[in-house]
Participant: 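Pasting a structure here, questions to come.
Both ligands and their constituent atoms are indexed starting at 1 by order of listing.
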Amino acid sequence: MNKTFTSIFIGLLLTVNAITGSTQQFFKKHPQINPYNYQLVKEAEFDHAAVTSAHPLASMVGAAIMQDGGNAYDAAIAVQFSLAVVHPGAGNIGGGGFMLARNADGKLIGIDFREAAPSKGHRDMYLDSAGNPSNTLSRDGASASGIPGSVAGMFEILKYAKLPMAKLIQPAIEIAAFGYVITEKEARGLNATRAAFLKNSSAPSAFTQKEQWKAGDTLVQTDLANTLKRIQQKGLAGFYEGETAALIVKEMAYSKGIISLEDLKNYQPKYRTPLEFDYRGHHIISFAPPSSGGILIAQMMQMIQPYDVSAMGANTPAAVSLMAEAQRRAYADRAEHMGDPDFYKVPTKTLISNAYAQQRMADYKVGIAGQSKNIQAGKVHESEQTTHFSVIDSKGNMVAITTTLNDTYGNKTIVAGAGFLLNNEMDDFSIKPGVPNMYGAIGGEANSIQPGKRMLSSMTPTLVTINNKPYLSIGTPGGTTIPNQVYEGLVNMIDHKMSLKAAIDAPRFHHQWMPDNISFEVDFPEATIEALKAMGYTTAKRGYFGRMDGVVILNNGKKQAAGDKRGDDSVAGF
Ligand code: GLY
């Protein structure tokens, strides 16, 4: 970025956006945050409070909200709405997610604002008359959308916040109305998705106003600014009723979507009791079904707990083999046993018990690859999907939110006149038993489509305490790789004593039972991969997966925040 952008910004500060009627209240008060000139900060320590998210502007907004008297919940709401503007590939108001929080007094809160199947949804809705599944309908266009939950989630979180919603959503309105400078990664994403945006949406949008975006271009999202203003002025009704709801339903008609006005009006977030378990002196708290993430990390970490992982060393053949065998077993349970607990009796208590974990590992043989005997292998999808952010405030309240449109830029449908992307979360259901979703994950009855049901997720917002004191907030995007990334990140910190940043940046591997292989990031040590092949493992190379973000409280009380090397992730605090 250069000074030109800075001076343009100052000009705009004094202006009212003629189309949205917005004025620069927040950015006038916080001139240190410049949407036209910002930098990525990958790691920093702060005395009081810290935020890490997928975008520097969202992180800085979150920190500023806490400086203005907000707590971690206030910051989280402001970050979520800001990400919906500055990180359109995954930040969202047209998707859903989970918030896991621990108050400084120890109270745990789990809010599920996952999308839900529309009332007209049913088990076979993506099958043709011959029973063949259509991945196109479950992934592209409005037919792939679940009822969005993010806005309702933010209003539920507001009950724990200190500032009014009007203040928390204001930064997002200003960034949308006055624009911000996009990064190289965002430009690449928008260019690569341009054709799909045009094909899947009933009208052109802010994202398609340029043929080719480049780093440094300014993205103005007027329709989105107006939608955010309706939410600011009318609350939940500004999204789930009235003009916005009508625009969503109108967009449905363009590509076989089935979300109705009633579906939108009836959407409710739900409270979920967080899952808890202990691992080598750390108390780990994660998200319950309809996420599979909490169960998976509880299973995998308890499966490896009897072994001296530290002595094996990080990413060595011995450690990867042990950890991948745990992954194989836990993910096999995911396919069979996990779904929305309001529709399917998930045996959570058994699945996360230590006794069950040890029983599952009874047939583990050191140094020999196991086998996932099963049906066809799915193709592993590589994209950023989803986004995670972490906040810890000065009182020690910890918030972890993972939120998603599912695929990058969701179903690539921008609601005409409302300016936001819709999710393609319906593909996270099992559209037919044994048919892999976009992540290659298979499922059955537990995750079949039913009206109002939430699709099984892998999102794993996770918190850690030590001796009942707040310690860590962490999470990541990455579809079915999410629980494995969190598991590996925690093992890196706890067993291998890595710093948060080193644990986040370390190369990753992934086994999800089916397909029966271990996939490795590009920079994973070759010697380990060769040794694993000799043990009998099938291996595959892939690009980076995930963008892990976290905040940890150091022994001296400072908050250390770290953002993943893999994306535009950036930290802020004070
Ligand atoms: N859509 C990704 C997940 O929820 O797991």
Participant: Checking S205 now: which residues fulfil side-chain contact (heavy atoms from CB on, under 4.5 Å) with it, not counting sequence neighbours?
Facilitator: F207, T208, I414
Participant: Return the set of residues passing salt bridge (charged side-chain N to carboxylate O under 4.0 Å, His left out) with E336 (not counting sequence neighbours), or none when no residue passes.
Facilitator: none
Participant: Please indicate whether K565 has more than 12 foreign heavy atoms, meaning atoms of other residues, nucleotides or ligands, lying under 6.0 Å from its NZ.
Facilitator: yes
Participant: Taking R547 for the side chain and A54 for the main chain, is one N or O donor matched with an acceptor at less than 3.5 Å?
Facilitator: yes
Participant: Write 'none' if nothing qualifies; otherwise put on separate lines each N/O atom of ligand 1 with a protein N/O atom under 3.5 Å away and their distance to 0.1 Å.
Facilitator:
unit_1   : atom_1 : unit_2 : atom_2 : d
ligand 1 : 1 (N)  : N406   : OD1    : 2.7
ligand 1 : 1 (N)  : E425   : OE2    : 2.6
ligand 1 : 1 (N)  : D428   : OD2    : 2.7
ligand 1 : 4 (O)  : R114   : NH1    : 2.9
ligand 1 : 4 (O)  : R114   : NH2    : 3.3
ligand 1 : 4 (O)  : D428   : OD2    : 3.3
ligand 1 : 4 (O)  : S457   : OG     : 2.7
ligand 1 : 5 (O)  : S457   : OG     : 3.4
ligand 1 : 5 (O)  : S458   : N      : 2.7

Participant: Applying side chain to side chain donor-acceptor pair (under 3.5 Å), which residue pairs with at least one partner in residues 449-464 are found, sequence neighbours left out?
Facilitator: D112-R454, Y267-R454, S286-T462, R334-S458
Participant: Indicate the atoms forming the closest heavy-atom contact of M165 with F81, along with that distance.
Facilitator: SD-CE1, 3.8 Å
